[in-house]
Amino acid sequence: IEKTDRKIIVFVDDIDRLNKYEILETLRILRNIADFKNVVFICGFDREYVVRQSQIEEHYLDKIFNLEINLTAQGQRSFVAYLNQLIIDSNGYNNDEKDCLTESINKIFYDTNEDVIFNIDLIHQINNQNSEIADAWPQTDLIPSFFFESKRDVKKFFNELFVNIKTLKNIRDIELEEYLLLKLLLFKYKWIYKNFTSKRMSNWLGNEITLKFEQGNLDNLIISPNLDNHDKIIIYSILKTLFPPSGVNNNSKNINQKR
């Protein structure tokens with residue numbers, strides 16, 4: 001390698017998808033071979049995740065990497081635009097399905113002025129509180145980064161959604177916006193599926209024809225033990241939208257109607 005007159009560039013990506021021991025082993029290897037002549041290593045990872053997951057000191061990475069370039073975070077608009085583009089470019093949807101899906105997705109994430117809704121400050125404020133969810137806590141508007149950390153997540157959601165949509169006879173037979181909200185909830189919090197079994201739903205949605213998510217039923221939900229207030233308020237907001245306590249959604253297409 002030293003005698004070659006060419007520079008060798010080695011790309012090491014997705015370090016932040018490794019577990020603790022894999023990260024430490026990768027860093028050890030990089031540290032041991034980083035001084036090879038004519039070799040440049042370009043590594044892509046989330047610094048905060050790598051430090052937290054591997055439990056190394058914050059400045060340890062500075063001993064291995066002599067240049068760090070911070071990339072601009074994905075914008076809220078880019079996630080929505082990418083999801084819509086995946087749907088439009090898909091050969092699996094007809095034109096009517098594409099129009100319905102993109103319109104419903106935009107309604108979830110955009111306000112009437114077609115601006116992406118940003119309501120992160122409230123979420124951060126709530127997350128720093130120690131109190132449990134209460135009626136005084138307002139519902140938050142939903143933004144793409146609540147569900148997607150990268151375009152990879154968007155693509156995964158698109159793939160899951162495609163499989164689910166294709167099980168429906170006609171997407172116009174349902175309230176598509178509500179259906180997408182439910183799918184986003186289940187995509188982000190996989191464990192919440194267990195609350196939607198026929199035996200469990202009556203415990204937190206009641207036994208009436210119109211299913212209602214009441215404040216007092218929160219304790220009846222099976223919730224992940226490591227859930228913080230940030231996630232609780234997102235779940236709380238979605239469930240109150242899908243199953244309003246007032247029972248105002250009483251169209252047969254609404255998701256809160258018993259079938």
Which residues pass the side chain to side chain contact (heavy atoms under 4.5 Å, CB included) test with Phe11, sequence neighbours left out?
Ile9, Ile42

Is a side-chain donor or acceptor of [X] paired with a backbone partner of [Y] at a separation under 3.5 angstrom?
| X | Y | result |
| --- | --- | --- |
| Asn38 | Ile8 | no |
| Lys98 | Ser90 | yes |
| Ser104 | Leu101 | no |
| Ser54 | Val50 | yes |
| Arg172 | Glu97 | no |
| Glu178 | Ile255 | yes |
| Asn254 | Gln257 | no |

Going through the distances and angles, do Phe109 and Phe79 end up as a side chain to side chain contact (heavy atoms under 4.5 Å, CB included)?
CA-CA 10 Å; Phe109 292 120; Phe79 291 134; over 6 Å; no

Presence of salt bridge, Glu22 and Arg17, under 4.0 angstrom
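Here Arg17 does not pair with Glu22 in a salt bridge, since their nearest N and O are not under 4.0 Å apart.
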
Is the shortest distance from a Lys or Arg side-chain nitrogen in Asp46 or Arg52 to a carboxylate oxygen in the other one below 4.0 Å?
no

State the CH2-CG distance between Trp204 and Leu211, to the nearest 0.5 angstrom.
8.5 Å

Between Lys183 and Asn164, a side-chain donor and acceptor under 3.5 Å:
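Yes - a donor-acceptor pair under 3.5 Å links their side chains.
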
According to the interplanar angle, ranging from 0 to 90°, do the rings of Phe196 and Phe243 count as parallel (below 30°), tilted (30 to 60°) or perpendicular (above 60°)?
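The arrangement is tilted - the two ring planes meet at 30° to 60°.
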
Residue pair Ile223, Asn195: steps toward the side chain to side chain contact (heavy atoms under 4.5 Å, CB included) verdict
CA-CA 9 Å; Ile223 294 180; Asn195 288 289; 5.8 Å; no

side-chain contact (heavy atoms from CB on, under 4.5 Å) partner of Leu185, chosen from Ile192, Ile234, Thr241:
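Filter result, single survivor: Ile192.
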
Residues in side-chain hydrogen bond (donor to acceptor under 3.5 Å, both in side chains) with Lys156, at least two apart?
none

Ring centre gap for Phe157 and Phe148 strictly below 6.0 Å:
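Aromatic pair counts; centres sit under 6.0 Å.
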
Side chains of Phe41 and Ile33, heavy atoms from C-beta outward: is any pair under 4.5 Å?
yes

If you count the non-hydrogen atoms of other residues, nucleotides and ligands that lie under 6.0 Å from CG in Asn170, is the total more than 12?
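Yes.
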
Among Glu25, Gln55, Gln53, the one residue meeting side-chain hydrogen bond (donor to acceptor under 3.5 Å, both in side chains) with Lys20
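The passing option is Gln55.
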
